[in-house]
Amino acid sequence: MRLTEKSKALFEASLQHIPGGVNSPVRAFRAVGGEPFFVDRAKGAHIWDVDGNNYIDYVGTWGPAILGHAAPTIIQAVQQAAEKGTSFGIPNPYEPRMATLIKQFFPSVEKVRLCNSGTEACMSAIRLARGATGRHKVIKFDGCYHGHADSLLVKAGSGALTFGHPDSAGVPPAFTEHTIVLPYNDLNAVEAALEANRGEVAAIILEPIVGNAGLILPDDGFLPGLRSLTQQHEALLIFDEVMTGFRVARGGAQERYGITPDLTCFGKIIGGGLPVGAFGGRSDVMDHLAPLGAVYQAGTLSGNPLALAAGIAALEALESGQVHQTLETLGARLEQGMIQAAQEAGVAMTFQRSGSMFCAYFGDRPVRDLSDAMACERDRFKPYFHTMLEKGVYVAPSAFEAGFISAAHTFEDIDATIEAAREALKRAAQ
Ligand code: KE4
């Protein structure tokens with residue numbers, strides 16, 4: 001039985017000072033019940049909580065930890081940068097280096113602006129698209145999450161979905177009247193919406209692989225269809241690769257599927273675990289940004305030297321391609337083992353994966369959009385989650401989150417995970 005008294009005491013204290021005791025809703029375990037544990041330290045594929053319990057980690061701080069936690073090159077880069085100061089608000093050499101690395105991995109990016117979170121990146125990309133086209137409307141897809149900016153927090157995924165009411169209080173209808181929400185993978189709906197709003201749609205924004213409703217892959221023709229429809233209608237195609245960027249391939253989903261978007265949003269991995277976001281793409285669009293153009297966007301800590309030192313170390317570790325080969329091998333091993341464990345447990349489970357991102361849905365059919373995800377047997381997720389936790393495996397505390405494997409996971413970690421899942425899936429089957 002896991003010791004939890006130190007985590008409990010810390011959670012009690014946090015509840016006095018912080019709404020829900022957490023600084024991001026999904027961490028509160030509200031979707032799975034029980035109380036969150038507090039982390040003490042993390043190294044490689046493992047985390048230790050304040051009561052000394054050790055877990056194999058498949059949350060990976062929600063994506064950034066692609067090399068594993070506390071990767072020596074990242075720690076060293078941050079230490080060296082910190083010796084010279086933690087923030088300047090003045091251009092520093094890390095900024096052109098990071099921009100060059102992003103362009104090297106993503107040929108669609110001609111210019112890039114750095115910011116401090118994925119939310120900022122997506123919010124700014126939408127403002128830029130509206131400013132560059134002079135149009136107001138934006139098409140997004142239900143279950144896709146692009147951060148918590150007002151106009152995008154409509155039928156969002158991730159934490160918003162976890163609570164089962166995808167819209168958010170506090171967002172006046174006027175702020176979302178220009179946001180059109182369509183079912184993911186439904187090209188006919190996109191064509192109809194573009195026709196019905198001819199000349200008014202500034203952009204279509206999507207997660208090219210949806211990581212905020214579990215893990216949903218695009219149908220074969222979906223992304224090429226979006227690319228040609230947006231070209232026909234002179235709307236911009238924005239790939240939100242905050243999660244998939246540098247994760248599902250060095251060049252993200254756009255490399256995997258061979259699609260060139262007009263703008264791309266980044267976050268997570270490019271910060272090496274520190275707060276960073278970025279958005280970039282066609283220079284004729286990006287040059288609408290202040291100080292060159294009329295679209296304002298700014299940030300005190302944008303281009304922060306510590307965050308960029310961490311992110312540069314992370315990206316440099318990905319350059320050879322070896323990390324992504326390792327991730328694919330580990331992902332395939334986990335997928336095979338989980339499918340076998342579910343068959344042995346006699347529980348219907350659909351395992352969906354792209355490289356080192358995955359989701360185990362309790363259901364017997366492919367999940368192609370949010371309604372499929374919502375139709376899964378979500379009640380089975382709770383006993384599965386808590387049994388995995390008891391057995392030392394930390395998966396995301398929500399059925400609507402993707403899991404992440406790092407390059408630090410070993411075959412032993414994967415095999416121990418599958419062993420734990422044999423029991424957890426049996427509990428879920430009851
Ligand atoms: P942040 O503002 O949280 O850095 O990024 C927002 C964002 C934008 N786009 C995509 C595709 C994302 O996945 C995210 C954030 N992802 C969630 C995990 N599902 C963050 C976890 C959390 O909210 O605590």
Side-chain angles (χ1 to χ4, degrees), residues 18-32 36 39 57-66 114-126 138 140-163 166 168 184 204-218 238-248 252-254 261 263-279 299 301-302 304 307 310-311 354 356-359 370 373 394-404:
I18 305 168
V22 293
N23 287 304
S24 198
V26 70
R27 303 177 191 171
F29 277 27
R30 301 292 286 263
V32 291
V39 61
D57 177 23
Y58 288 97
V59 177
T61 177
W62 305 99
I66 192 168
L114 303 175
C115 53
N116 300 287
S117 69
T119 293
E120 266 192 67
C122 294
M123 171 181 76
S124 307
I126 293 296
V138 167
K140 77 175 286 287
F141 296 92
D142 57 14
C144 284
Y145 177 67
H146 306 294
H148 59 90
D150 283 342
S151 70
L152 289 170
L153 204 54
V154 182
K155 288 194 183 303
S158 185
L161 196 57
T162 299
F163 295 110
S168 170
Y184 188 78
I204 293 180
I205 184 169
L206 75 154
E207 295 180 64
I209 295 170
V210 183
N212 287 288
L215 188 104
I216 301 175
L217 298 172
I238 304 175
F239 273 12
D240 174 357
E241 296 226 40
V242 166
M243 193 183 267
T244 54
F246 307 93
R247 165 64 66 176
V248 297
Q254 55 196 268
L263 293 175
T264 302
C265 303
F266 302 99
K268 297 183 190 279
I269 287 172
I270 64 168
L274 274 70
V276 183
F279 59 105
L301 298 175
S302 297
N304 176 271
S354 179
S356 58
M357 274 177 69
F358 63 90
C359 181
L370 178 63
Y394 178 48
V395 297
S398 159
F400 295 112
E401 294 290 353
F404 301 94

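Counting convention: from 1, in listed order, for ligands and their atoms alike.
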Quiz item: In Å, rounded to the nearest 0.5 Å, how long is the span from CG of Leu152 to OG of Ser168?
Solution: 12.5 Å
Quiz item: With Ser356, which residues qualify under side-chain contact (heavy atoms from CB on, under 4.5 Å), at least two apart?
Solution: Arg247, Leu327, Ile405
Quiz item: Can you check whether Ala149's main-chain N or O pairs, donor with acceptor, with Thr119's side chain at less than 3.5 Å?
Solution: no
Quiz prompt | Sorted by chain and number, the residues that approach ligand 1 to under 4.0 Å with a heavy atom | solution = Ser24, Val26, Trp62, Ser117, Gly118, Thr119, Tyr145, His146, Gly147, Ser158, Glu207, Asn212, Asp240, Val242, Met243, Lys268, Glu401
Quiz prompt | N/O donor-acceptor pair under 3.5 Å between Tyr184 side chain and Pro208 backbone | solution = yes
Acceptor/donor pairs from residues 265-275 side chains to any protein atom, 3.5 angstrom cut, sequence neighbours excluded:
{"unit_1": "Lys268", "atom_1": "NZ", "unit_2": "Trp62", "atom_2": "O", "d": "3.0"}

Quiz item: Of all residues at least two apart in sequence or in a different chain, which pass the side-chain contact (heavy atoms from CB on, under 4.5 Å) check with Cys359?
Solution: Leu215, Tyr361
